[in-house]
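Here's the structure we're looking at; comments come further down.
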Number of protein chains: 2
Amino acid sequence: MTDPLDLAFAALSDATRRRILTMLLEDDMAVTDVAEPFEMSLAAISKHLAILTRAGLISQEKRGRVKWCKLEPDALRAASVWMQGFGQFEPINLDAFERFLESELSEDRLP
Amino acid sequence: MTDPLDLAFAALSDATRRRILTMLLEDDMAVTDVAEPFEMSLAAISKHLAILTRAGLISQEKRGRVKWCKLEPDALRAASVWMQGFGQFEPINLDAFERFLESELSEDRLP
DNA sequence: GGTATCGTCAACCGTTTGGTTGAATATGGC
DNA sequence: GCCATATTCAACCAAACGGTTGACGATACC
C-alpha cells in the first residue's frame, strides 16, 4: 500500500488516530503526552504515530530527548479534495462538523 | 470496527473501491459491469461492494437477477465533514480535485 | 558516573483484509 | 424442464493490523 491516498484514508480509519489528530489540532505535543489520555501502552501509541507519519498526516521532530508531533494538514487536504467530487457537499458545514467531532470525542473518552 | 467513520475511511483506503465509487458517480451499475474493467475475480469485486455497502457508501438493490449498485453520498459527506475541521481547506478546489482524480484513474487503469 | 525519563525495537499473538478457487443459489429465456 | 447468466458462499491463503511485553538506546539531571 504505497498510494498516498490509501495511506491517508487507512490512517484515518482508526478512532484512536483520529482522536490523536484532534488533539494535535490544539497544539504540538510530545509522544508521552499524546499517549497519556489513552488506555493503551506507549508502544501502541508510538505505532499509531508512525502510521500517521507515514501517511503524512503528522510530522515528528526530535528535540533533545522528546519527540514533538505536529499536524500536517496537506495530506488531509488531499483526501478532502478527493472527496469533494462526491455529492456536492456544502463548502463548510461547521455545525455538522461540530456535532461529529463531539460524538467522536464522547465515544472515545472513558465512560 | 462498528463506528460509521471507521467504516467509511477504511472503505476509502483501497484504490479499487475508490475507483468503483468514481464509476458509480457516472451511473448506477450491475455487479458484473462494475467488475468488468478490473483484473480480479467477480467474487473479489462482490466483497469490495459488500464493504462499500456496510460503510453506507453505496446501496445495492436486486431487481430480477441483477443487483444494482448506487452511490450513497451521505456517508462520504460525514467523512468529509469530519475532515473540514483540519487546515481550513479551500471550500472546493476543483482544479486540485481534477488532478487527483486523474492521477487516481491513471494509476488504476491497466497499462 | 549513576539513574531516571523518553521513545523505539523485536518478538509474539489473535483478528482482519484482500485475494483465490470451486460449489451453490437464484432468476431468466426457450 | 433445461441451460445460461448473475451473484454469493465457503474454504483457504499470505500479509497486514492493533495490541502486548520486555529489552534497548539516547538524552537529561544531579
Side-chain angles (χ1 to χ4, degrees), chain A residues 1-21 23-24 27-55 57-70 104 107-108 110, chain B residues 1-21 23-24 27-55 57-70 104 107-108 110:
Chain A
M1 190 173 55
T2 167
D3 182 326
L5 231 35
D6 283 21
L7 293 174
F9 282 125
L12 290 173
S13 73
D14 183 278
T16 299
R17 288 192 292 262
R18 288 198 304 277
R19 190 169 153 208
I20 290 175
L21 290 179
M23 289 164 60
L24 292 178
D27 210 348
D28 299 356
M29 296 179 77
V31 172
T32 309
D33 295 332
V34 169
E36 194 272 334
F38 293 94
E39 274 183 317
M40 72 182 72
S41 69
L42 184 59
I45 296 294
S46 179
K47 282 191 188 181
H48 280 302
L49 291 171
I51 290 172
L52 289 169
T53 300
R54 180 150 170 263
L57 295 172
I58 68 169
S59 59
Q60 292 183 287
E61 182 198 357
K62 192 166 183 179
R63 279 203 298 272
R65 66 183 163 168
V66 343
K67 204 165 181 178
W68 293 91
C69 306
K70 181 176 178 303
E104 271 291 295
E107 265 176 29
D108 294 339
L110 316 182
Chain B
M1 189 173 53
T2 168
D3 182 326
L5 232 34
D6 284 20
L7 293 174
F9 282 125
L12 290 173
S13 74
D14 183 279
T16 299
R17 289 192 292 263
R18 288 198 304 278
R19 189 169 153 208
I20 290 175
L21 290 178
M23 290 164 59
L24 292 178
D27 210 348
D28 299 357
M29 297 178 77
V31 173
T32 308
D33 294 331
V34 169
E36 195 272 332
F38 293 94
E39 274 183 318
M40 72 182 71
S41 70
L42 185 59
I45 295 295
S46 180
K47 282 192 187 178
H48 281 303
L49 291 171
I51 289 172
L52 289 169
T53 301
R54 179 150 171 263
L57 295 172
I58 68 169
S59 60
Q60 292 182 287
E61 182 198 357
K62 191 165 183 180
R63 280 202 298 272
R65 57 181 172 172
V66 342
K67 204 166 182 179
W68 294 91
C69 306
K70 180 176 179 304
E104 272 291 294
E107 266 176 29
D108 295 340
L110 316 181

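Naming: A, B, ... by sequence-line order, numbering from 1 per chain.
Using a 4.0 Å heavy-atom cutoff across all strands shown, A:A50 reaches no nucleic acid atom at all. Within the nucleic acid shown, B:L42 comes within 4.0 Å of at least one base atom, counting heavy atoms only.
Nearest heavy atoms, B:T32 versus B:L42: CA-CD1, 4.2 Å.
OP1 and OP2 of C:dG29 both lie 4.0 Å or more from every side-chain N or O belonging to B:R65. Contact annotation: B:S41 reaches the phosphate of C:dT20 (side-chain N/O to OP1 or OP2, under 4.0 Å). Close to D:dT7, at under 4.0 Å from its OP1 or OP2, lies no side-chain N or O of B:S46. The phosphate of C:dT8 has OP1 or OP2 within less than 4.0 Å of a side-chain N or O from A:K67.
Distance, A:E39 CD to D:dG18 P: 18 Å, rounded to whole Å. One can place CZ of A:F9 at 21 Å from P of D:dA16, the figure rounded to the nearest angstrom. Straight-line distance from the CG atom of B:D33 to the C1' atom of D:dT7: 13 Å, rounded to whole Å. Counting to the nearest Å, the C1' atom of C:dG28 and the NZ atom of B:K62 are 12 Å from each other. Whole-Å rounding puts the A:D6 CG to C:dG18 C1' distance at 12 Å. Put simply, CG on A:D3 is 14 Å from P on C:dG18, counting in whole angstrom units. Distance, A:I45 CD1 to C:dC6 P: 15 Å, rounded to whole Å. Between the CG atom of B:L49 and the C1' atom of D:dA6 there is a distance of 13 Å, given to the nearest Å.
Each of A:V31 and B:A44 lies near DNA chain C, and the nucleotide nearest A:V31 is the one positioned closer to the 5' end. Each of A:D14 and A:R63 was matched to the nucleotide of DNA chain D holding its nearest heavy atom; the match closer to the 5' end belongs to A:D14. Along DNA chain D, the nucleotide nearest to A:M40 and the one nearest to A:G64 differ in position, and the one closer to the 5' end is contacted by A:M40.
A donor N or O paired with an acceptor N or O is found under 3.5 Å between the base of C:dG19 and the side-chain atoms of B:K47.
By the 4.0 Å N-to-carboxylate-O rule, B:D3 lies close enough to A:R18 to be salt-bridged with it.
Interatomic distance, CH2 of A:W68 versus CG of A:D33, reported as 6.5 Å (0.5 Å rounding). With rounding to the nearest 0.5 angstrom, the CE atom of A:M29 is 10.0 Å from the CG atom of A:L49. Atom-to-atom distance recorded for A:L52:CG and A:L7:CG is 11.0 Å, nearest 0.5 angstrom.
Closest to the side chain of B:A43, from the set C:dT21, C:dC6, D:dT7, is C:dT21. Of the listed nucleotides (D:dA6, D:dG18, C:dC6), D:dG18 has the atom at the smallest distance from the side chain of A:H48. Distances from the side chain of B:R17 to the nucleotides C:dT21, D:dG19, C:dG18 place C:dG18 closest.
A:R17 forms no cation-pi arrangement with B:F9, by the criterion of a distance under 6.0 Å to the ring centre and an angle within 45° of the ring axis.
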